[in-house]
Amino acid sequence: AEQLDKAQMVRFSKRTGTFGTTDLGRVASHFYISRDTIELFNAKLTPNMSETKIIGTVGQAHEFEQMRVREEEQAELAQMEEDYQ
């Protein structure tokens, strides 16, 4: 509960043991977004980020770790990586 509170997904009172969900927690739960990803977004996303930086941050999400890249996409992805770094 303390970790979820720190990630702003719930509001937790250690003293009373009570907690309640936040809008962010409900959205994360609905779309199966992990606490690790929410913590990443909380730390890195800012109001005036460029689209490139937003996409780069979203691409670091825990949920994309198991995503496979097709062989025919390798060259295009390598070019994109070179262009945007």
Side-chain angles (χ1 to χ4, degrees):
E2 290 175 349
Q3 291 176 342
L4 292 173
D5 182 72
K6 185 178 177 187
Q8 303 173 17
M9 297 171 74
V10 300
R11 289 290 144 230
F12 173 65
S13 171
K14 189 174 184 178
R15 184 179 58 80
T16 64
T18 59
F19 68 93
T21 60
T22 64
D23 289 340
L24 178 60
R26 281 188 287 280
V27 169
S29 174
H30 182 79
F31 290 103
Y32 302 99
I33 301 171
S34 71
R35 179 184 49 82
D36 292 336
T37 296
I38 294 298
E39 288 175 346
L40 170 75
F41 291 170
N42 286 342
K44 294 197 172 192
L45 293 178
T46 61
N48 298 316
M49 288 179 78
S50 68
E51 289 179 12
T52 301
K53 290 190 184 252
I54 292 170
I55 291 169
T57 300
V58 170
Q60 295 175 32
H62 172 74
E63 289 72 15
F64 291 119
E65 288 179 1
Q66 300 299 318
M67 185 173 276
R68 302 277 187 243
V69 178
R70 296 180 193 122
E71 185 64 38
E72 62 270 14
E73 298 170 334
Q74 292 289 340
E76 183 178 358
L77 289 172
Q79 183 63 49
M80 288 174 69
E81 184 176 34
E82 185 178 309
D83 291 347
Y84 294 105
Q85 286 197 16

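The structure displayed is predicted, hence computed values, not measured ones.
- Both F41 and M67 belong to a single network of hydrophobic side chains, linked directly or stepwise wherever heavy atoms of I, L, V, M, F, W or Y lie under 4.5 Å apart.
- Counting non-hydrogen atoms of neighbouring residues, nucleotides and ligands closer than 6.0 angstrom, the CD atom of E76 reaches no more than 12 such neighbours.
- With values rounded to the nearest 0.5 angstrom, F19 atom CZ is found 8.5 Å from L4 atom CG.
- Partners of Q79 under the side-chain hydrogen bond (donor to acceptor under 3.5 Å, both in side chains) rule, at least two apart in sequence or in another chain, are D83.
- Separating the OG1 atom in T37 from the CD atom in E63 is a distance of 3.5 Å, to the nearest 0.5 Å.
- Listed by first and then second residue, the salt bridge (charged side-chain N to carboxylate O under 4.0 Å, His left out) pairs that reach into residues 50-61 come to none, sequence neighbours excluded.
- In this structure a side-chain-to-backbone donor-acceptor pair under 3.5 Å is present from D5 to F12.
- Residues I55 and M80 fall into different hydrophobic clusters, defined by Ile, Leu, Val, Met, Phe, Trp and Tyr side chains chained together at heavy-atom separations under 4.5 Å.
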| message | Go through it in stages, so that I can follow the logic: the residues are M9 and T21, the test is side chain to side chain contact (heavy atoms under 4.5 Å, CB included), and I'd like the CA-CA distance, side-chain angles, deciding distance and then a yes or no. | response | CA-CA 6 Å; M9 297 171 74; T21 60; over 6 Å; no
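- Remark: E71 CD is loosely packed, at most 12 non-hydrogen atoms of other residues, nucleotides or ligands lying under 6.0 Å away.
- No donor-acceptor pair under 3.5 Å is formed between the side chain of S13 and the backbone N or O of T18.
- By the neighbour-count criterion of 12 heavy atoms within 6.0 Å, atom CD of Q3 is sparsely surrounded, having that number or fewer from other residues, nucleotides or ligands.
- By the rule that hydrophobic residues join a cluster once side-chain heavy atoms approach within less than 4.5 Å of another member, F31 and L40 end up as members of separate clusters.
- As a member of the Ile/Leu/Val/Met/Phe/Trp/Tyr network built from side-chain separations under 4.5 Å, Y32 groups with nothing else and remains a singleton.
- Linking ILVMFWY residues whenever their side-chain heavy atoms come closer than 4.5 Å, directly or via other members, places I38 and V27 in the same cluster.
- Cluster membership for V10 and L24, using ILVMFWY side-chain heavy atoms within less than 4.5 angstrom, is shared.
- Atoms CD and CG, from Q8 and D23 in turn, are 12.0 Å apart once rounded to the nearest 0.5 Å.
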| task | Could you please spell out the steps behind the side chain to side chain contact (heavy atoms under 4.5 Å, CB included) verdict for T57 and M49? | result | CA-CA 10 Å; T57 300; M49 288 179 78; 3.6 Å; yes
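- Checked for salt-bridge contact, E39 and R35 meet the test: a charged N lies under 4.0 Å from a carboxylate O.
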